[in-house]
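Within every chain, numbering begins at 1; the chains are lettered A, B, ... in the order of the sequence lines, protein sequences first and strands thereafter.
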There are 2 protein chains.
Amino acid sequence: MAKKTHRIERRSDALSRERIIAAAIEILDRGGEGALTVRALAAHLATGSGAIYWHVADKNELLATATDDIIARVVSEVAGGARPREAIRAVALGVFDAIDAHPWVGAQLFREPWRPATLEIVESVGSRLKALGVPEAALFDSASALVHYILGVAGQNAANARLVAPGTDRSVFLAGVAGKWAALDPAKYPFVRQMATQLRDHDDRAQFLAGVDLILAGIATAQA
Amino acid sequence: MAKKTHRIERRSDALSRERIIAAAIEILDRGGEGALTVRALAAHLATGSGAIYWHVADKNELLATATDDIIARVVSEVAGGARPREAIRAVALGVFDAIDAHPWVGAQLFREPWRPATLEIVESVGSRLKALGVPEAALFDSASALVHYILGVAGQNAANARLVAPGTDRSVFLAGVAGKWAALDPAKYPFVRQMATQLRDHDDRAQFLAGVDLILAGIATAQA
DNA sequence: ACATGAATGGAACGCTGCTCCAATACTATG
DNA sequence: CATAGTATTGGAGCAGCGTTCCATTCATGT
């Protein structure tokens with residue numbers, strides 16, 4: 001944006017890409033994906049929409065950049081020295097928790113697979129699989145499976161979060177779904193009905209990790 | 001909608017929930033998710049928006065019902081007699097192919113986990129896992145992992161499809177992404193760069209199945 | 001023939017993302 | 001210090017969206 005040689009600060013309340021993105025994150029976290037409108041953002045920053053569009057291409061760029069920021073933070077926080085298997089679990093859990101805190105990130109992760117956010121996850125998971133000794137031929141499929149699983153849970157969690165009033169307790173939501181499951185036609189959905197009670201008091205964080213372990217076990221089996 | 005006892009057909013061009021949903025599917029398949037607007041739908045049916053809203057609650061119901069229809073068809077097509085393992089693979093592939101044919105289904109699958117579409121998949125996969133002999137205690141986690149993986153791939157495929165002009169060849173798209181991957185900073189993304197060439201000419205359908213097999217292997221390991 | 005309610009189609013409302021542009025804030029120069 | 005020139009601002013306005021409202025039409029039961 002700035003041309004060449006003037007990083008002398010302008011007015012202290014000056015707009016900037018960073019301030020705009022920070023404000024967007026705040027609005028998203030407070031009110032969910034639907035709350036982020038250009039007008040709301042402009043009001044929050046006490047400016048007009050034109051000023052925003054001078055710093056940012058469009059709303060999608062806003063969401064994408066915000067997502068990249070958050071995911072990059074999560075991935076980089078994983079200790080470099082950790083054993084590969086633990087590192088993979090840590091990255092996966094980090095993504096899980098990040099989406100728990102910012103559900104809109106989950107929805108965003110699905111767009112544009114060449115954006116830093118997804119790339120970061122692939123790189124982090126893939127390099128650890130390599131370190132684990134997964135043979136070259138199986139690496140691509142293995143990394144793909146793990147990342148798709150992580151993104152699948154991410155998307156589902158984000159969707160769930162979108163359905164409840166922000167701030168609702170998770171157990172209330174689970175109990176609600178479990179209730180609907182339990183009320184299903186036993187002839188058509190015997191399995192789902194049977195899972196209803198487990199759904200009610202399961203720990204989705206633990207279940208998510210169990211899935212990661214399952215896939216890691218499958219990868220280990222394949223190379224044996 | 002109709003009250004009690006008159007199934008005598010009205011005018012032959014009469015609107016109906018079914019005709020509206022069929023038209024919506026046609027528009028979605030032709031032009032992607034963004035092409036389905038109430039105005040476009042009304043134009044396609046040569047009517048007004050008010051008439052549509054008399055038959056259908058809102059646009060979301062339209063998308064949800066259309067998705068339920070397509071997924072139910074896929075799941076029910078899987079032969080009941082097939083061996084459990086093959087049945088699971090068939091359901092997974094069916095969902096994959098359905099989303100390949102109707103990318104908007106992928107995006108829709110993430111909303112409202114108690115809707116028939118998702119339920120159908122959970123039931124179909126879960127009951128087969130049970131038949132496979134997966135112990136009670138591991139059933140929930142196993143089914144959850146498989147379904148989340150399937151949905152993860154679904155979502156990613158749908159997102160990819162949204163990015164290319166409808167009808168673009170898949171290999172062109174893959175080559176494009178592979179090019180971007182190959183051009184990444186080798187210091188930051190060594191793994192992703194290494195995968196670029198494999199991405200270019202991989203078969204995502206086969207890779208998807210490989211992921212299913214990986215998870216099934218992991219499930220089998222866990223019970224041993 | 002009339003009355004009734006189902007069904008229709010289109011105008012209108014409030015909202016969205018985004019563009020455009022006159023006005024302003026700031027910097028570099030003479 | 002004055003002036004010219006560019007970077008930045010804020011808000012009016014546009015086209016399009018989902019949805020609601022309602023006067024009108026159609027098909028039927030009496």
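Salt bridge present: B:Asp100 and B:Arg170 bring a charged side-chain N and a carboxylate O closer than 4.0 Å. Ion pairing of B:Glu61 with B:Arg17 is present here, as a side-chain N (NZ or NE/NH1/NH2) and a carboxylate O approach within less than 4.0 Å. Salt-bridge annotation for B:Glu26 and B:Arg30: present, with a side-chain N of the basic residue lying under 4.0 Å from a carboxylate O of the acidic one.
To the nearest angstrom, P of D:dT9 lies 10 Å from CG of A:Leu45. Put simply, CD1 on A:Ile20 is 11 Å from P on D:dT8, counting in whole angstrom units. Regarding A:Leu41, its CG atom lies at a distance of 15 Å from the C1' atom of D:dG11, rounded to whole Å. Rounded to whole angstrom, the span from the CH2 atom of A:Trp54 across to the C1' atom of C:dC26 amounts to 13 Å. At whole-Å resolution of the value, CG in B:Leu15 and C1' in D:dA27 are 16 Å apart. Here D:dT19 presents its P atom at 11 Å from CD of B:Glu61, a figure rounded to the nearest Å. As a whole-Å value, the separation of B:Leu62 CG from D:dT19 C1' is 14 Å.
The side-chain contact (heavy atoms from CB on, under 4.5 Å) test with A:His102 is passed by exactly one of A:Asp29, A:Asp97, A:Ile71, A:Thr67: A:Asp29.
One finds no side-chain N or O of B:His55 lying less than 4.0 angstrom from the OP1 or OP2 phosphate oxygen of C:dA6.
Ring orientation note: the planes of A:Trp114 and B:Phe173 are tilted relative to one another, at an angle of 30° to 60°.
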Per-nucleotide protein contact string for nucleotides 14-24 of chain C, where B marks a base within reach and S marks sugar-phosphate only (heavy atoms under 4.0 Å, - for neither)
--BBBBB----
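Taking the six-membered ring for Trp and the full ring otherwise, the centers of B:Phe208 and B:Phe96 sit less than 6.0 Å from each other.
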